[in-house]
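Down below is the structure, laid out as structure tokens.
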Amino acid sequence: MEYLLKKGIKAALKSLYGTDVNEELIQIQKTRKEFDGDMTLVVFPLLKTSRKSPAETANGLGEYLISNISAISSFNVINGFLNITVAPSEWAARLKEISAAEHYGFREPGTDAETVVIEYSSPNTNKPLHLGHIRNNLLGFSLSRLMKAAGKRVVRTNIVNDRGIHICKSMVAWSLFGDGETPEKSGKKGDHLVGEYYVMFDRKYKEQMAAMEAAGSTPEEARDNAPLMLAAREMLLKWEAGDNETMDLWHMMNNWVYEGFDVTYRALGVEFDKIYYESDTYKTGKQLVLDALASGLLFRKDDGSVWVDLTAEKLDHKLLLRSDGTAVYMTQDLGTAVIRYNDYNFNRHIYVVGNEQNYHFQVLALVLLKMGYRWAEGLHHFSYGMVELPEGRMKSREGTVVDADDIIDEMTGTARVMSQELGKLGGFSEAEKEDIYRKIGLAALKYYILKVDPRKNMTFNPAESIDFNGNTGPFIQYTYTRIKSVLKKGQEAGIKPGGSSFGTAIPNQKEINVIKLLNDFPASVSEAAEALSPALIANYLYDLAREFNQFYHDFPILGEENEDLRDLRLKLTEITGKTIENGLWLLGIEAPERM
RNA sequence: GGCCCUAUAGUUCAAUGGAUAGAACGCGGGUUUCCUAAACCUGAAAUCCAGGUUCGAUUCCUGGUGGGGCUACCA
């Protein structure tokens with residue numbers, strides 16, 4: 001419709017002023033609610049062409065459009081804005097078209113579809129997932145669905161940071177103080193158990209340092225020579241040497257963690273197609289670095305460490321291999337990227353990683369390009385802001401971390417309390433009720449996080465918990481369940497939408513408002529996929545749910561006597577339901593039948 | 001010090017360079033004979049400061065100020 005209007009305006013300008021105007025000057029936007037009309041042309045950019053006042057120009061164009069385009073029923077001019085009204089019957093026709101398209105808004109991947117690899121989650125195996133990981137997982141998962149809906153071939157991956165000194169720390173602490181504790185014996189979730197030993201390491205290490213300093217050591221000596229640190233370093237060396245006992249311990253503890261992570265991932269509803277482990281990729285990275293060094297692309301310092309010089313790119317020197325030849329983070333990521341390219345031949349690779357690593361990913365792409373990998377141009381760091389608490393940043397050392405499992409439980413619990421207060425779940429079994437509470441609680445959590453512009457830091461206040469009213473996930477779910485309920489009642493009453501006369505009724509303004517939004521859905525999906533922004537979908541859904549509720553509140557649907565009108569409204573309801581369902585799917589939020 | 005991100009009602013979030021800056025929570029009023037009141041209606045309340053570009057700036061540019069991040073032989 002917008003395209004039609006644009007064409008019409010171009011023709012109007014040609015006919016009125018005899019000029020072909022650059023399309024960029026024809027700015028069409030949605031008419032703001034407080035004015036009459038559906039679409040608005042901003043006439044200011046056209047004044048140079050018309051050489052007339054804004055009002056005259058707008059009126060001239062309006063007259064032309066109204067007599068040349070039948071779909072346009074009227075226009076008005078305010079302050080240089082030409083508000084154009086599309087005939088209501090035209091909107092009814094649009095609704096009919098929309099209802100005819102089964103999966104409108106979602107595209108099937110063609111044979112020439114881009115392959116997009118999306119890496120997200122990327123946990124360390126020394127501690128449980130926290131609130132920051134939740135934002136990461138939700139964004140990554142939703143992005144993968146957006147990409148899929150936009151017709152891309154999507155590979156969802158996860159890289160597990162399963163090696164390094166930090167992993168050895170929890171292994172050392174468990175060996176020394178664990179007394180054979182296991183998840184089974186303690187009843188603790190595996191990742192939480194391992195996390196406790198990581199924290200214990202840090203605490204005991206600090207005690208040792210304090211004792212050494214009290215005995216006359218300098219802080220540096222204490223830091224480097226505390227028995228626990230020596231033990232952790234020794235264990236890392238043993239690990240790299242493949243020592244059997246160490247490897248067994250490592251496997252055992254990592255498996256505890258993976259079992260714990262799986263529970264959290266399942267609760268969050270996120271999935272992966274392929275999981276990579278740094279313990280598998282770091283060697284490839286090392287080899288890449290050594291090859292590049294041999295080709296003279298890198299340089300070695302006197303102490304034997306290997307560096308890349310990025311001063312030409314306005315960055316500095318970056319370490320790629322330690323003086324003892326071991327790999328660093330960058331080394332592993334180089335290896336992982338190359339392995340992934342070999343695995344999937346991707347066109348694009350999206351890394352969902354926090355913005356504190358902007359520099360890291362800038363360097364990663366540059367180093368790969370320097371090594372001659374042209375595909376590195378397709379690497380994209382999807383950089384999101386941190387989740388802060390009202391007291392400030394979460395710090396694991398200070399114990400101000402919000403645990404992912406805890407927050408999920410808390411949200412479900414809040415949903416349970418709210419639901420029971422409303423008391424609308426009569427006739428459901430306990431298990432069914434729990435399932436609904438879980439869906440609602442998670443929707444609240446997911447929506448709360450996804451509706452925010454990913455680039456921005458966001459504040460999460462666990463004490464106040466999350467709203468279930470207003471611009472929230474449960475509000476959208478609620479709207480969906482109302483729709484389901486109406487459709488069901490209609491069915492029971494034998495009212496079938498879409499009879500032969502469907503499309504003859506003329507929608508009122510509130511109905512048109514809903515139709516307009518439904519009409520926008522496909523564009524919103526591709527826009528959100530383009531902009532990598534689940535927040536756009538979230539806000540779209542809220543608009544739609546609100547607009548629908550306003551219509552729903554004022555007009556009867558099943559009780560409407562006029563069959564054509566009832567048909568229109570039922571169809572409108574049905575399509576809104578489908579659209580909300582699709583939109584929620586994009587956000588990874590479940591749509592309950594009842595709540 | 002250098003580099004990057006960010007600043008909007010009391011709070012949490014919106015706004016392709018366009019009209020009177022939208023919502024939600026909270027606060028103040030209302031609306032249930034009717035398909036779900038987790039709803040609907042309604043009131044008060046905001047663009048960090050100073051310049052610049054533009055017919056027009058919350059948006060773009062410059063300079064301040066505040067907040068955050070990076071600048072590790074941690075990951």
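Proteins get letters first, then strands, A, B, ... in listed order; numbering begins at 1 in each. Atom set for the values below is all heavy atoms of this structure, side chains included, hydrogens, waters and symmetry mates excluded.
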Does the distance from a Lys or Arg side-chain N to an Asp or Glu carboxylate O, for [X] and [Y], drop under 4.0 Å?
| X | Y | result |
| --- | --- | --- |
| A/K516 | A/D520 | no |
| A/E434 | A/R416 | yes |
| A/E220 | A/R223 | no |
| A/D435 | A/R438 | yes |
| A/E590 | A/K446 | no |
| A/R322 | A/D324 | no |

### Message
By the definition side-chain contact (heavy atoms from CB on, under 4.5 Å), identify the one residue from A/N513, A/I476, A/T479 that meets it with A/F548.
### Response
A/T479

Rounded to whole angstroms, how far apart are [atom1] on [X] and [atom2] on [N]?
| X | N | atom1 | atom2 | value |
| --- | --- | --- | --- | --- |
| A/I449 | B/rU12 | CD1 | C1' | 13 Å |
| A/Y359 | B/rC70 | OH | C1' | 9 Å |
| A/L450 | B/rA14 | CG | P | 12 Å |
| A/D543 | B/rA15 | CG | P | 11 Å |
| A/K169 | B/rA75 | NZ | C1' | 10 Å |
| A/L319 | B/rA72 | CG | P | 10 Å |
| A/Y198 | B/rC74 | OH | P | 13 Å |
| A/F555 | B/rC35 | CZ | P | 18 Å |

Distance, nearest 0.5 Å, that separates [atom1] of [X] from [atom2] of [Y]:
| X | Y | atom1 | atom2 | answer |
| --- | --- | --- | --- | --- |
| A/I557 | A/R566 | CD1 | CZ | 11.5 Å |
| A/T412 | A/L445 | OG1 | CG | 9.0 Å |
| A/D202 | A/H166 | CG | NE2 | 13.5 Å |

### Query
When the nearest nucleotide of RNA chain B is assigned to A/E34 and to A/L558 on a heavy-atom basis, which residue is associated with the more 5' position?
A/E34

Suppose you measure atom [atom1] in [N] against the same atom in [M]; what distance do you get, rounded to whole Å?
| N | M | atom1 | value |
| --- | --- | --- | --- |
| B/rU47 | B/rG29 | C1' | 29 Å |
| B/rA45 | B/rC3 | P | 42 Å |
| B/rG28 | B/rA14 | P | 27 Å |
| B/rC34 | B/rC27 | C1' | 32 Å |
| B/rA21 | B/rA15 | C1' | 7 Å |
| B/rU58 | B/rA7 | P | 14 Å |
| B/rG63 | B/rA46 | C1' | 25 Å |
| B/rG26 | B/rA44 | C1' | 13 Å |

Students often get this wrong, so: under 4.0 angstrom with heavy atoms, is [X] touching a base, only sugar-phosphate, or nothing?
| X | result |
| --- | --- |
| A/E527 | nothing |
| A/S305 | base |
| A/D316 | sugar-phosphate |
| A/N126 | nothing |
| A/T326 | nothing |
| A/P54 | nothing |
| A/V328 | sugar-phosphate |
| A/Q357 | base |
| A/Y447 | nothing |
| A/N79 | nothing |
| A/N124 | sugar-phosphate |
| A/N83 | base |

### Message
Distance to the ring centre below 6.0 angstrom and angle to the axis at most 45 degrees; does that hold for A/R163 and A/Y282?
### Response
yes

Do the side-chain N or O atoms of [X] get closer than 4.0 angstrom to the phosphate oxygens (OP1, OP2) of [N]?
| X | N | answer |
| --- | --- | --- |
| A/R322 | B/rC74 | yes |
| A/K318 | B/rU71 | no |
| A/R32 | B/rA19 | yes |

### Query
With a cut-off of 6.0 Å (strictly less than), are more than 12 heavy atoms of other residues, nucleotides or ligands near NZ of A/K301?
yes

### Query
In terms of base orientation, is B/rU42 syn or anti, with the syn window spanning 90° either side of 0?
anti

For the side chain of [X], counting heavy atoms from C-beta on, which of [options] is nearest?
| X | options | answer |
| --- | --- | --- |
| A/M386 | B/rC74, B/rA24, B/rG69 | B/rG69 |
| A/Y329 | B/rG68, B/rA75, B/rG69 | B/rA75 |
| A/N457 | B/rG68, B/rA75, B/rA19 | B/rG68 |
| A/K451 | B/rG18, B/rC13, B/rC35 | B/rC13 |
| A/F35 | B/rA75, B/rC35, B/rA19 | B/rA19 |
| A/Q29 | B/rA75, B/rU16, B/rA24 | B/rU16 |

### Task
Answer yes if the ring centres of A/Y120 and A/F382 are under 6.0 angstrom apart, and no otherwise.
no

### Query
When you check every protein heavy atom under 4.0 Å of nucleotides 36-43 of chain B, what one-letter string (B, S, -) results, 5' to 3'?
BSBSSS--

### Task
Identify all stems in which RNA chain B takes part, counting only runs of at least 3 consecutive pairs (Watson-Crick or G-U wobble, each distance under 3.5 Å), and give each as one range with another, ordered by first number.
B:1-7 with B:65-71, B:10-13 with B:22-25, B:27-31 with B:39-43, B:48-52 with B:60-64

